[in-house]
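Order of the sequence lines sets the chain letters (A, B, ...), proteins ahead of strands, with each chain counted from 1.
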Amino acid sequence: MSKIIVLLGQTGSGKTEISIKLAKKLNAQIINSDKVQMYKDVSIGVSKTTYKEMDGIKHYLIDFLDLDQEYSIYDYQNDGRKILNTLIKNNINVIITGGSALYIKALLYNYDLIANNKTLCMYEDLSNEELKRKVDIINSNNLIHVNNRKRLVRFLNNYHNTGKAIINENNSTPIYEADFYYLDVPRSILYNRINTRVDNMINSGLIDEAFLLYNKNYKVLDTIIGYKELNKYFKNEISLQEAILLIKQNTRKYAKRQETFFKHQFTNIKYITLDYNDTNKVINDIYLSSL
RNA sequence: GGAGCCGUAGCCAAGCGGUAAGGCAUAGGUCUGCAACACCUUGAUCGCCGGUUCAAAUCCGGCCGGCUCCU
């Protein structure tokens, strides 16, 4: 019977290396669950796992999307489950790793997602208060904050597309049996790693990579850390120094959000303390605990 | 040596006599669809000393520190 291991960890925690070494040990294959790693043409800024780093381990759902291609969490759920089912059928162990927790949830839990559930109406003529009132009428138990316009709009679109007033119900039943591991790294160490990683990205040519893509005007690039800040620099809105500091800061903030979200969403997590001087120990710990 | 301006939380900054706006950062948190998103919560007694006043970050004097100009 194949095992499913979910390797959680903040950006910069070292998931990639651990996942590949673990895959070798478990004879497993890897499904990527990081939204930005799915895109082609961005590599330095997203720390895309290179072919060399993969070291012969089969990876799925990585480096396959065009930057202007639409791909929703619904698509991911579908594609991911197909792959997962095939691997299970063939008795192959699988490791799921990546920073997009919501994608992992949608993949492994009973999330009812509907195809083509697009945001058709932005409700630009309504104030936050008016939007909130509309949402309250449809579902008085919703916990969406008045100021969270993006979520309010999404709720209303969702309702009109599906007729469902979804509020976080029935989403915590797992469909697949999986073990969750969280690479626990002390805040100060993680932040140092993040800061030096950004410096390394710059030294490895991130500016050139970003500039090339900047000229092609892909909209997603204004949402991806590393590219959105450099875009501001290319537009002469900030200096290079400011852009670099912003990249570091935004990455740290993202890591912080990941931490709260992982801990909040996945209740059966096993925490693994990471010692960077001895990563083999971590791999061994996970390996033994997964048997 | 003289003249002027300035000194408010880690940073930026409002207030100009009635008991410290706001923004950013930090920290904590929320979360079913563009999720590396969006949102919530979070702090000081105002350079120091003295004076005036019922009351001073706000007025006066001295000192310290910074900036600009003049000789």
Side-chain angles (χ1 to χ4, degrees), chain A residues 9-13 15 32-39 42 45-48 65 67-78 80 98-120 122 128 131-132 135 139 142-162 164-173 175 187-188 191 194 197-198 201 210 218-231 238 242 245-266:
Chain A
Q10 292 156 280
T11 185
S13 61
K15 292 188 297 292
N32 167 55
S33 60
D34 197 311
K35 173 72 190 205
V36 299
Q37 295 245 349
M38 293 175 200
Y39 289 109
V42 283
V46 300
S47 297
K48 173 91 53 66
L65 282 178
L67 284 166
D68 53 3
Q69 192 177 338
E70 281 195 26
Y71 191 80
S72 70
I73 192 164
Y74 171 82
D75 299 314
Y76 179 79
Q77 185 183 53
N78 258 331
S100 308
L102 194 61
Y103 281 64
I104 297 175
K105 246 207 146 179
L107 178 64
L108 300 175
Y109 290 74
N110 63 333
Y111 265 44
D112 269 335
L113 297 169
I114 286 111
N116 299 317
N117 188 16
K118 287 186 180 151
T119 301
L120 302 170
M122 294 307 289
N128 289 2
L131 281 176
K132 174 67 176 168
V135 171
N139 186 327
N142 78 85
L143 296 172
I144 308 173
H145 194 275
V146 213
N147 294 339
N148 207 343
R149 174 169 260 271
K150 191 167 163 176
R151 297 265 162 94
L152 292 171
V153 168
R154 189 181 298 148
F155 178 94
L156 291 172
N157 275 278
N158 208 43
Y159 180 66
H160 292 305
N161 287 346
T162 68
K164 289 183 184 171
I166 296 170
I167 42 146
N168 216 4
E169 48 188 333
N170 276 336
N171 65 346
S172 48
T173 314
I175 288 180
R187 181 71 59 88
S188 58
Y191 281 9
I194 286 172
R197 186 175 74 165
V198 173
M201 285 174 179
Y218 294 115
K219 270 184 288 173
V220 254
L221 291 178
D222 280 325
T223 67
I224 301 177
I225 296 173
Y227 300 86
K228 63 177 175 189
E229 296 84 356
L230 284 174
N231 283 178
I238 55 175
E242 287 171 319
L245 286 176
L246 262 181
I247 294 172
K248 291 176 179 174
Q249 190 177 82
N250 286 332
T251 309
R252 279 185 251 124
K253 286 162 100 169
Y254 171 52
K256 163 64 179 57
R257 266 181 276 127
Q258 283 186 125
E259 187 185 333
T260 53
F261 197 62
F262 284 144
K263 291 181 177 173
H264 179 257
Q265 292 294 304
F266 305 108

Return the set of residues passing side-chain hydrogen bond (donor to acceptor under 3.5 Å, both in side chains) with A/Lys263 (not counting sequence neighbours), or none when no residue passes.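 Per chain and number, A/Lys263 pairs via side-chain hydrogen bond (donor to acceptor under 3.5 Å, both in side chains) with A/Glu259.
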Residue whose closest nucleotide on RNA chain B lies nearer the 5' end, A/Arg149 versus A/Arg252: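 Final value for this comparison: A/Arg252.
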Pairwise 5' ranking along RNA chain B for A/Val46 and A/Ile73, keeping only the more 5' one: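 The answer here is A/Ile73.
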Option among A/Ile224, A/Leu230, A/Ile225 that satisfies the side chain to side chain contact (heavy atoms under 4.5 Å, CB included) test with A/Lys228: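 Of A/Ile224, A/Leu230, A/Ile225, side chain to side chain contact (heavy atoms under 4.5 Å, CB included) with A/Lys228 is met by A/Ile225 alone.
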Residue [X], side-chain atoms from C-beta onward, closest of [options]:
X        : options                : value
A/Arg151 : B/rU26, B/rA38, B/rC34 : B/rA38
A/Asn147 : B/rU30, B/rU26, B/rC40 : B/rC40
A/Thr260 : B/rC34, B/rU26, B/rG29 : B/rG29

Quick one: [X] [atom1] to [N] [atom2], roughly how many Å, whole number?
X        : N      : atom1 : atom2 : result
A/Gln37  : B/rA36 : CD    : C1'   : 11 Å
A/Gln10  : B/rA36 : CD    : C1'   : 13 Å
A/Tyr218 : B/rC34 : OH    : C1'   : 17 Å
A/Gln258 : B/rG29 : CD    : P     : 15 Å

Using purine N1 to pyrimidine N3 plus N6-O4 or O6-N4 for Watson-Crick, or N1-O2 and O6-N3 for G-U wobble, each under 3.5 Å, what pairs with [N]?
N      : result
B/rA38 : B/rU30
B/rU45 : none
B/rC59 : B/rG51
B/rC11 : B/rG23
B/rA3  : B/rU68

So, A/Arg197 versus A/Thr11: side-chain donor-acceptor pair below 3.5 Å or not?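 The answer is yes; a qualifying pair exists.
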Fit a plane to each ring of A/Tyr76 and A/Tyr71, take the angle between them on a 0 to 90° scale, and name the class: parallel (under 30°), tilted (30 to 60°) or perpendicular (over 60°).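 The rings of A/Tyr76 and A/Tyr71 stand perpendicular, inter-plane angle above 60°.
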Is the shortest side-chain N/O distance from [X] to OP1 or OP2 of [N] below 4.0 Å?
X        : N      : answer
A/Arg187 : B/rA27 : yes
A/Ser100 : B/rA36 : yes
A/Asn148 : B/rU30 : no
A/Lys256 : B/rA36 : no

Rounding to an integer number of angstrom, what distance separates [N] and [M] when you compare their [atom1] atoms?
N      : M      : atom1 : result
B/rC54 : B/rC49 : P     : 23 Å
B/rC39 : B/rG23 : P     : 13 Å
B/rA21 : B/rG47 : C1'   : 22 Å
B/rG7  : B/rU45 : C1'   : 16 Å
B/rG50 : B/rC12 : C1'   : 32 Å

Mind checking [X] for me? I need base, sugar-phosphate or nothing, with any heavy atom below 4.0 Å counting as a touch.
X        : answer
A/Asp34  : base
A/Tyr71  : nothing
A/Tyr191 : sugar-phosphate

To the nearest 0.5 Å, how far apart are CG in A/Asn78 and CG in A/Leu107?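 A/Asn78 atom CG to A/Leu107 atom CG measures 10.5 Å (nearest 0.5 Å).
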Listed by chain and number, what are the side-chain contact (heavy atoms from CB on, under 4.5 Å) partners of A/Arg149, not counting sequence neighbours?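 side-chain contact (heavy atoms from CB on, under 4.5 Å) check on A/Arg149 returns A/Asn128, A/Leu131, A/Val153.
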